[in-house]
Undergrad: 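Supplied in structure tokens, the structure appears directly below.
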Amino acid sequence: MGAQKSIHAGKAKIDVNVDFSHKLCASLMLPSFRGSQSPLSLIIGSLCIKHPNLFGGSEKLDVSWDKGLYDSNALIAYRRPRPEWLSQQSFVIQHSVSPEIGVHGTPTDNFSRSGSGGVNLSQLSVGLDLTEPANSNWSSTTSIRFKHVRPLNDDGRSISRDLDGLPVTCSGSPHDSMVVLKQESHYAKANDHSFFRIRFQIEQGIPLLSRWIIFNKLKFVASKGVKLGPAFLLTSLTGGSIVGDMAPYQAFAIGGLGSVRGYGEGAIGAGRSCLVANSELTIPLNKTLDGAIFFDGGTDLGSGRHVPGNPSLRQGKPGSGIGLGYGLRFKSQFGHFQIDYAINAFQQKTVYFGISNLTS
């Protein structure tokens with residue numbers, strides 16, 4: 001279902017990966033966003049080029065390109081060597097194109113799926129990342145980047161308004177520009193019986209020009225795992241809030257495989273604030289097969305009406321919801337297979353199928 005190849009060219013290493021499996025699985029879950037597709041669009045792939053000594057001084061250059069179903073991401077990162085006790089610096093250029101489903105998507109099938117709302121995002125960012133030396137259980141990364149965000153319709157043309165005629169940018173023009181200072185901190189602690197992790201992320205829009213977006217955005221993710229005899233219980237809590245200027249695409253989207261299962265991406269709602277709780281109990285059935293039961297819940301804390309244009313209200317999203325279900329996890333020499341069966345608060349059933357860690 002896929003192919004991988006590594007090529008050495010001098011000191012540089014080139015990794016090529018072409019994968020059909022994720023395309024086939026995702027095509028069962030997602031409606032088509034565009035009317036016509038070429039045969040090449042049926043391929044998911046990635047290209048990665050790494051050079052460990054670009055100019056003879058241990059400078060590292062990483063170039064990667066990933067192509068998904070309807071999205072793509074290109075990244076160039078240049079790293080200069082520094083002593084281990086100093087912050088490691090990376091100069092980064094990144095460009096991505098992806099459908100904006102979480103906020104502008106249209107919920108269907110009792111909110112179990114999300115279709116295209118005719119809004120896609122083309123994002124270009126240029127900046128510097130600073131990774132602090134790890135201190136005990138803590139690690140942190142600081143970055144400052146210039147970002148240019150341009151909404152597109154499904155035909156790839158620039159737009160400033162959605163299908164209902166409301167602005168999709170903060171500026172009201174076909175693009176938004178901003179300088180963002182971001183701080184991420186991670187804490188992790190583990191032993192033979194349990195682990196605990198928490199991540200904080202703070203973004204601040206810096207007003208270098210009056211027309212640029214000024215905002216402050218906070219997000220946290222906390223997770224706890226505990227062994228209960230042969231079983232394993234994993235719980236997590238995710239939350240966030242944004243104050244100041246904002247574009248609709250900056251809202252917190254609730255619902256979907258990485259949020260509340262049983263709902264489409266963003267089908268519960270999108271708000272200035274959010275809170276999502278997840279719990280999953282995994283029970284081994286044999287050496288390669290695990291069974292799982294899970295319960296998810298999420299809410300926008302009543303903040304959906306404060307998102308510019310109020311896209312959640314216009315789409316009739318409930319603002320809060322729960323999902324529960326069960327699944328199987330199968331590990332083999334060919335990869336990891338996962339299937340989940342979820343039901344949402346509207347009694348709509350959804351099956352999720354995933355494949356990871358495929359071998360060539």
Side-chain angles (χ1 to χ4, degrees), residues 101-103 111-112 114 136-141 182-204 215-228 231-243 246 250-283 290-307 312 317-327 329 338 340-346 350 352 354 356:
I101 301 299
V103 176
F111 301 94
S112 65
S114 294
S136 184
N137 297 320
W138 284 95
S139 62
S140 65
T141 301
K182 182 169 75 171
Q183 171 74 41
E184 282 195 54
S185 298
H186 302 256
Y187 174 83
K189 187 176 182 179
N191 55 41
D192 293 337
H193 304 286
S194 65
F195 74 85
F196 175 74
R197 291 194 296 259
I198 188 166
R199 175 171 62 91
F200 294 100
Q201 178 179 296
I202 299 175
E203 296 184 28
Q204 174 68 60
F215 65 92
N216 190 282
K217 186 175 185 179
L218 169 67
K219 182 180 180 180
F220 73 88
V221 180
S223 58
K224 174 76 173 180
V226 181
K227 282 187 177 180
L228 301 175
F232 189 80
L233 176 64
L234 175 63
T235 60
S236 66
L237 183 67
T238 302
S241 187
I242 181 171
V243 296
M246 73 171 294
Q250 292 179 297
F252 294 95
I254 308 163
L257 184 57
S259 178
V260 181
R261 284 164 284 191
Y263 292 84
E265 183 181 351
I268 290 178
R272 277 185 174 264
S273 301
C274 78
L275 198 62
V276 176
N278 309 94
S279 61
E280 180 170 301
L281 181 66
T282 305
I283 304 170
D290 292 341
I293 55 176
F294 57 84
F295 178 84
D296 303 330
T299 174
D300 64 6
L301 301 173
S303 65
R305 64 183 183 274
H306 300 302
V307 176
S312 291
K317 298 178 181 180
S320 62
I322 59 172
L324 54 88
Y326 54 88
R329 284 85 173 104
Q338 175 175 330
D340 284 334
Y341 178 87
I343 182 170
N344 64 20
F346 299 91
T350 306
Y352 300 93
S356 61

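Just so you know, these numbers use all the heavy atoms, side chains as well, and skip hydrogens, waters and symmetry mates. Numbering of residues begins at 1 and proceeds along the displayed sequence.
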Undergrad: Is there a side-chain contact between Ile268 and Asp300 (heavy atoms, below 4.5 Å)?
TA: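 No. Closest side-chain heavy atoms not under 4.5 Å.
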
Undergrad: Can any side-chain N or O of Thr299 pair as donor or acceptor with the backbone N or O of Leu301 at less than 3.5 Å?
TA: yes

Undergrad: Going by side chain to side chain donor-acceptor pair (under 3.5 Å), name the residues that satisfy it together with Ser236, two or more places apart in sequence or in a different chain.
TA: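 Counting only residues at least two positions away or on another chain, Ser236 forms a side chain to side chain donor-acceptor pair (under 3.5 Å) with Asn278.
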
Undergrad: Taking only residues two or more places apart in sequence or in another chain, which ones pass ring pair (Phe, Tyr, Trp, His ring centres under 6.0 Å) with Phe200?
TA: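 Applying ring pair (Phe, Tyr, Trp, His ring centres under 6.0 Å) to Phe200 gives none.
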
Undergrad: Is any side-chain heavy atom of His186 less than 4.5 Å from a side-chain heavy atom of Arg197?
TA: no

Undergrad: Ignoring hydrogens and geometry, is there a side-chain-to-backbone donor-acceptor pair from Ser312 to Ala270 under 3.5 Å?
TA: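 Flag set: sc Ser312 to bb Ala270 pair under 3.5 Å.
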
Undergrad: Mind checking what makes ring pair (Phe, Tyr, Trp, His ring centres under 6.0 Å) contact with Phe195, not counting sequence neighbours?
TA: none

Undergrad: Is any side-chain heavy atom of Asp296 closer than 4.5 Å to a side-chain heavy atom of Tyr263?
TA: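 Heavy-atom side-chain distance check fails, nothing below 4.5 Å.
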
Undergrad: List for me each residue that meets ring pair (Phe, Tyr, Trp, His ring centres under 6.0 Å) alongside Tyr326, sequence neighbours excluded, and say none if there are none.
TA: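 In terms of ring pair (Phe, Tyr, Trp, His ring centres under 6.0 Å), with neighbours along the sequence ignored, Tyr326 is linked to Tyr341.
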
Undergrad: Do the non-hydrogen side-chain atoms of Ser241 and Leu218 ever get within less than 4.5 Å of each other?
TA: no

Undergrad: Can you list everything that forms a ring pair (Phe, Tyr, Trp, His ring centres under 6.0 Å) with Phe196? Sequence neighbours excluded, please.
TA: none

Undergrad: Flag the pair Asn344 / Thr350 as yes when at least one side-chain heavy-atom distance between them is below 4.5 Å, and no otherwise.
TA: no

Undergrad: For Asp340, check side-chain contact (heavy atoms from CB on, under 4.5 Å) against everything at least two apart and list the hits.
TA: Arg261, Phe294, Arg329, Gln338, Tyr352

